[in-house]
Amino acid sequence: MYRMLQRRLADRVRGLLRTQYGIEQASVVVDQPPNVALGEYALPLAFELAKQLRKPPRKIAEELVAGIGVVPGFHSFEVAGAGYINARVNRGEVAAALAADKHETAELNRDKILVEHTSINPNKAAHIGHLRNAVLGDTFVRLLRADGRQVDVQNYIDNTGVQVADVVVGFAHLEKKSKDDVAKLIATGLRFDYTCWDLYARVSQWYAEDKSRDKVRLEVLHAIEKGGNDLAEIADLISTDIMRRHLHTMQRLDITYDFLPRESEILRLHFWDAAFALLKESGVLYFEKEGKNAGCWVMRRAGAGEKTVEGTDEAEDQKVIVRSNNTVTYVGKDIAYHLWKFGLLGKDFAYRRFYEYPDGQWCWVSAETGERDHPHFGGVGAIYNVIDARQSDPQNQVREAIRELGDTEHAENYHHFSYEMVALTPRCAAEMGYDILPEDMTKAYIEVSGRRGFGVKADDLIDTLIHSAAEEVTSRHAQLEAPEQRAIAEQIAIGALRYFMLRYTKNSVIAFDFKDALSFEGETGPYAQYAAVRAGNIFRKGDTTAEAALAERINFEQWLSAPDGNDLWELWLAAAKLSTVVEQCIATTEPAHMAKYAFQLAQQFSNFYHRHHILNEADPERKKFLLATAAVVRRELARALDIMGIQVPPVM
RNA sequence: GCGCCCAUAGCUCAAUGGAUAGAGCAUUCGGCUACGAACCGAAAGGUUAGAGGUUCGACUCCUCUUGGGCGCGCCA
């Protein structure tokens, strides 16, 4: 609602600038006045036009106000301060439209968007860093869908890489286990991902003890890449079980995927051969005969200057894609995969069903030979890769390859959704019993490390949160049945966790501490859930429903222009801004704005809840209006929470 | 050496170049007879790391300095 009026206002002003001054202004900045008493929108454009028009800002603002005429939905325009134009909307009209849940018509025919997130190495349990990735990615997917976009969610599986190879080394060389032994271990149903977590740390230690053991690692890696042997089968057993466990862990947070492309199929379906041909033909890749990179196929390093500066090392401006032994680097394989994403490769995966969600949706996996009927993935117009900030160089390199192939449009639609890591505070690490180096004790945070087995496992954290929430629920709602208490505790735990992961902006490192993450008070998910629950309680106790409250005929204008109308209007206006916030989150690839918005809306509602005892309201007409206020805020708050993957419990 | 990110209240974090830099936590004070206090109100807390510059206007953009983080392989 707010977004629609903002666009209408900007369009009108743009037209006015054209007819009145002959100025083409591509974008008109629309702000908000410091408080609603001054209006709903503020236009500072008179300031920027002052020099161009050789007139004082106030004069320009006055001329624009005089010329703007009638704009549907708007009540009046006035000049304020040194030259702001403030716009006031028809409060009653906006409130009535919001109560009726009227939406602007969605734009149609927009390309499908592909979001890749999670992409955990399938060799050990997921940890808190992976949770940040998945929550950011899933929330971004929900934001896109809330904006009417069609989205495919992919979770890339590096099932033939060194990390899986390391665990295979662990089973084959340290544990002396056969393929059947590993299969039996998996069949026990015990936490195989936790077993691998510990084994992976042991293997890393084992390598460190004797450098010559790296040879074992390389042999195993090559056996896995080649396929058709016991080591490759062990790798497949490991990665397949752990993939399922990762899906299950994420499902606990309401995170699902459509497709799991695996590196094994990228290798065996020869995606690289197709990509190599394209890259050679277009000259993006060239064969280096001299220097450090002699014998390799290389491309220009992303960000390197067009010309090599005299005296600099030319090899520094090159990125090796095919090694002199004819094997392909990680970036090379990633280029092939991304050409497929954009439908530029001329090859496709085969597809198999892999994992069924409770709602009947399937998560598909890549295969060499697959099922006859399957959905189509890939060939999209825009992609978002949720990958941590440390990988921005290879990401830029892949984007650069696509750009140099001449496809600037796809290169522009290649988005590296970059975010910072989750680390542990030294105190948290100490509490967990890890040995900490003295120099680390004074640091703000310590990076988690799979190689050292150092970190907080995702499922452990979720369990701890549920346990903590359950204590609160049982003490507050002792009369409820245990399963219901448990269900509510889970909703609260998820709310706390997802909000915690979203409240920080992407490029701030989260220094994890159980004290902060386990908090259910203040700026947290449960606070916002609680506000929505209390709004719901009003209807239950009042023996009515939110729907009924919104169906009433109400003179909104009367109440919103009353002496205390500004405070109430502020709440309505905040509720009207959801779609504006969605748009902002997408444009800036920053889901943290939604977290902030939901919290602030909840806060304003809590304030309203205390000031107005709705069910005791003597005036029946005013009571109807206050009920409608609660209903609208509850609805928009629940939507905002849903976009973050947070549900509103029945009671709290 | 090169590149990217960061520095805001005691702590953790916000703030599309716009009007008086905001929250939470912690501290102090006050509010439960249930539309359940997982809440609300109030107080206190700021030279936005430092120095220049651009602008009608800078936490925000540019340059430099200081301090921190991350990346820069014929690893993945």
Side-chain angles (χ1 to χ4, degrees), chain A residues 29-35 38 42 44 46-48 50-51 56-57 80-84 86 121 158 160-165 218 221 263 292-298 301 303 312 316 319-327 329-331 333-334 388-394 396 418 420-421 423 443-445 447 469 472-473 476-477 492 496 503-505 507-511 513 515-516 519-524 526-527 529-531 533-542 584 587-588 592-593 595-596 599-600 603 606-607 609-617 626-627 630 651-652:
Chain A
V29 176
V30 183
D31 280 314
Q32 289 148 70
N35 64 71
L38 294 170
F47 297 110
E48 39 184 315
K51 189 168 278 181
Y84 286 96
N86 287 348
N121 271 301
D158 184 5
T160 53
V162 278
Q163 291 216 19
V164 170
L218 214 60
L221 179 62
E263 191 181 57
K292 181 161 98 74
N293 297 330
C296 300
W297 287 88
V298 301
R301 189 177 287 280
T312 60
E316 287 299 304
K319 176 70 197 168
V320 172
I321 302 298
V322 181
R323 304 181 188 102
S324 54
N325 68 0
N326 264 329
T327 57
T329 60
Y330 164 74
V331 170
K333 283 180 272 191
D334 220 20
D388 84 83
R390 288 170 292 191
Q391 296 208 49
S392 63
D393 279 2
N396 287 335
S418 167
E420 272 294 347
M421 61 184 169
K443 289 184 178 171
Y445 54 83
E447 190 176 348
E472 293 289 332
V473 173
R476 288 159 202 256
H477 303 285
I492 292 168
R503 59 178 291 196
Y504 302 91
T505 47
N507 51 12
S508 134
V509 175
I510 297 181
D513 198 305
K515 186 174 75 66
D516 299 330
S519 172
F520 298 151
E521 292 167 11
E523 191 183 341
T524 65
Y527 173 92
Q529 289 173 309
Y530 185 60
V533 166
R534 295 215 290 191
N537 288 348
I538 298 170
F539 300 104
R540 203 178 59 241
K541 293 280 175 132
Q584 186 196 1
T588 56
H593 298 310
K596 189 62 83 181
F599 173 67
Q600 284 170 350
Q603 211 174 24
S606 292
N607 188 299
Y609 180 91
H610 270 269
R611 263 204 314 243
H612 306 277
H613 203 280
I614 298 173
L615 295 181
N616 289 352
E617 173 57 48
L626 293 175
L627 279 169
V651 295
M652 271 179 86

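Below, chains carry the letters A, B, ... as their sequence lines are ordered, and counting in each starts from 1.
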Gap between atoms CD and P, on A:E523 and B:rA26 respectively (whole Å): 14 Å
Please check the phosphate of B:rA37 (OP1 and OP2 only) for any side-chain N or O of A:R534 closer than 4.0 Å. yes
Looking only at atom C1', what distance separates B:rG67 and B:rG53, rounded to whole Å? 23 Å
Using whole Å, what does the distance between atom C1' of nucleotide B:rA15 and atom CD of A:Q600 come to? 10 Å
Please determine whether a side-chain nitrogen or oxygen atom of A:Y504 lies at a distance below 4.0 Å from atom OP1 or OP2 of B:rC6. no
What is the nucleic acid contact for A:H612, judged by heavy atoms within less than 4.0 Å: base, sugar-phosphate only, or nothing? base
Derivation of the salt bridge (Lys or Arg N to Asp or Glu O under 4.0 Å) call for A:D513 and A:K515: CA-CA 5 Å; A:D513 198 305; A:K515 186 174 75 66; over 6 Å; no
For A:K541 and B:rG36, is the shortest distance between a side-chain N/O and OP1 or OP2 below 4.0 Å? yes
Among the nucleotides B:rG41, B:rU12, B:rG36, whichever has the atom closest to the side chain of A:R503 is B:rU12
Applying a 3.5 Å limit to both distances, which nucleotide forms a Watson-Crick or G-U wobble pair with B:rA38? none
C1' atom, B:rA9 versus B:rC5: distance in rounded Å? 24 Å
C1' atoms of B:rC25 and B:rC70, separation to the nearest Å: 28 Å
Scan A:A531 against the nucleic acid and name what it touches under 4.0 Å (heavy atoms): base, sugar-phosphate only, or nothing. nothing
Does A:S324 get its side chain close enough to the base of B:rC74, under 3.5 Å, for a donor-acceptor pair? yes
Check whether any side-chain nitrogen or oxygen of A:Q163 sits under 4.0 Å from OP1 or OP2 of B:rC75, and answer yes or no. no
Where the side chain of A:E48 is concerned, which of B:rC40, B:rC56, B:rG69 is the nearest nucleotide? B:rC56
Of the nucleotides B:rC40, B:rA76, B:rC74, which has the atom closest to the A:V320 side chain? B:rC74
Measuring to OP1 and OP2 of B:rC75, would you say a side-chain N or O of A:R323 lies under 4.0 angstrom away? yes
Classify A:V509 by what it touches in the nucleic acid, base, sugar-phosphate, or nothing, heavy-atom distance under 4.0 Å. sugar-phosphate
Is there ring stacking between A:Y84 and B:rA19, where the centres must be under 5.5 angstrom apart and the planes under 30 degrees? yes
Taking atom types as modelled and ignoring hydrogens, do the side chains of A:N537 and A:R540 form a donor-acceptor contact shorter than 3.5 angstrom? yes
What integer number of Å spans the C1' atoms of B:rU20 and B:rG57? 15 Å
Applying a 3.5 Å limit to both distances, which nucleotide forms a Watson-Crick or G-U wobble pair with B:rG22? B:rC13
Please report the distance, rounded to the nearest Å, between CZ in A:F599 and P in B:rC39. 9 Å
By the Watson-Crick or G-U definition, both distances under 3.5 Å, B:rA7 is matched with B:rU66
Which nucleotide, B:rC70, B:rA38, B:rC74, lies nearest any side-chain atom of A:F520? B:rA38
Using a 4.0 Å heavy-atom cut-off, does A:N86 contact any base of the nucleic acid, only the sugar-phosphate backbone, or nothing at all? base
Indicate, with a heavy-atom threshold strictly under 4.0 Å, whether A:S508 touches base, sugar-phosphate, or nothing. sugar-phosphate
Phosphate-side-chain proximity, A:N537 and B:rG36, N/O vs OP1/OP2 below 4.0 Å: yes
dist A:R503:CZ -> A:F599:CZ (nearest 0.5 Å) comes out at 8.5 Å
Can you tell me which nucleotide in B:rG69, B:rA76, B:rA23 comes closest to the side chain of A:Y330? B:rA76
With a non-hydrogen cut-off below 4.0 angstrom, is A:V473 in contact with a base, only sugar-phosphate, or nothing? base
Distance col, row A:M652:CE vs A:I492:CD1, nearest 0.5 angstrom, shows 4.0 Å
Rounded to whole angstrom units, what separation is found between the CD atom of A:E447 and the C1' atom of B:rG69? 10 Å
Using OP1 and OP2 only, check whether a side-chain N or O of A:K51 sits under 4.0 Å from B:rC56. yes
If we call it a pair only when both distances are under 3.5 Å in a Watson-Crick or G-U wobble match, what pairs with B:rA43? B:rU27
Reckon A:P33 touches a base, only the sugar-phosphate, or nothing at all at heavy-atom distances under 4.0 Å? base
Please report the distance, rounded to the nearest Å, between CD1 in A:I538 and P in B:rC39. 17 Å
A:Y609 over B:rC35, stacked by centroid distance under 5.5 Å, angle under 30°: yes
Nearest to the A:F47 side chain among B:rC35, B:rC56, B:rC39, which nucleotide is it? B:rC56
Can you tell me the pairing partner of B:rC2 across any strand shown, Watson-Crick or G-U wobble, with both distances under 3.5 angstrom? B:rG71
Which part of the nucleic acid, if any, lies within reach of A:V29 when heavy atoms closer than 4.0 Å are counted: base, sugar-phosphate only, or nothing? base
Does A:Y530 make a side-chain N or O approach to OP1 or OP2 of B:rA38 shorter than 4.0 Å? yes
With a non-hydrogen cut-off below 4.0 angstrom, is A:A294 in contact with a base, only sugar-phosphate, or nothing? base
Rounded distance in Å between the C1' positions of B:rA7 and B:rA49: 6 Å
Judged by atom type as modelled, is there a donor-acceptor pair below 3.5 Å linking the side chain of A:S324 to the main-chain atoms of A:C296? no
Winner on side-chain proximity to A:E521, out of B:rC35, B:rA15, B:rC39, is B:rC39
Identify whether any heavy atom of A:I492 sits under 4.0 Å from a base atom; if not, whether one sits that close to sugar-phosphate; answer base, sugar-phosphate or nothing. base
Would you kindly give the CG-to-P distance between A:N607 and B:rC39, to the nearest whole Å? 14 Å
Would you mind reading off the distance between A:D393 atom CG and B:rA76 atom C1', rounded to a whole angstrom? 15 Å
Whole-angstrom distance between B:rA19 and B:rG1, as gauged at atom C1': 46 Å
Rounded to the nearest Å, what distance is computed from the CG atom of residue A:D516 to the C1' atom of nucleotide B:rC25? 8 Å
Does a side-chain N or O of A:H610 approach OP1 or OP2 of B:rC39 to a distance below 4.0 Å, or not? no
Output yes when at least one side-chain N/O atom of A:R476 is less than 4.0 Å from OP1 or OP2 of B:rC39, else no. no
Checking all strands, does A:N616 fall into the base, sugar-phosphate, or nothing category for heavy-atom contacts under 4.0 angstrom? nothing
OP1 or OP2 of B:rC6 versus the side-chain N and O atoms of A:N507: is any pair under 4.0 Å? yes
Side chain of A:K292, heavy atoms from C-beta onward: which of B:rA19, B:rC74, B:rG31 has the nearest atom to it? B:rC74
Rounded to the nearest 0.5 Å, how far does NE2 of A:H612 lie from CG of A:N607? 8.0 Å
Give the minimum heavy-atom separation between A:E263 and A:G161, together with the two atoms involved. OE1-N, 3.8 Å
A:T329 near the nucleic acid: base, sugar-phosphate alone, or nothing, with a heavy-atom cut-off under 4.0 Å? sugar-phosphate
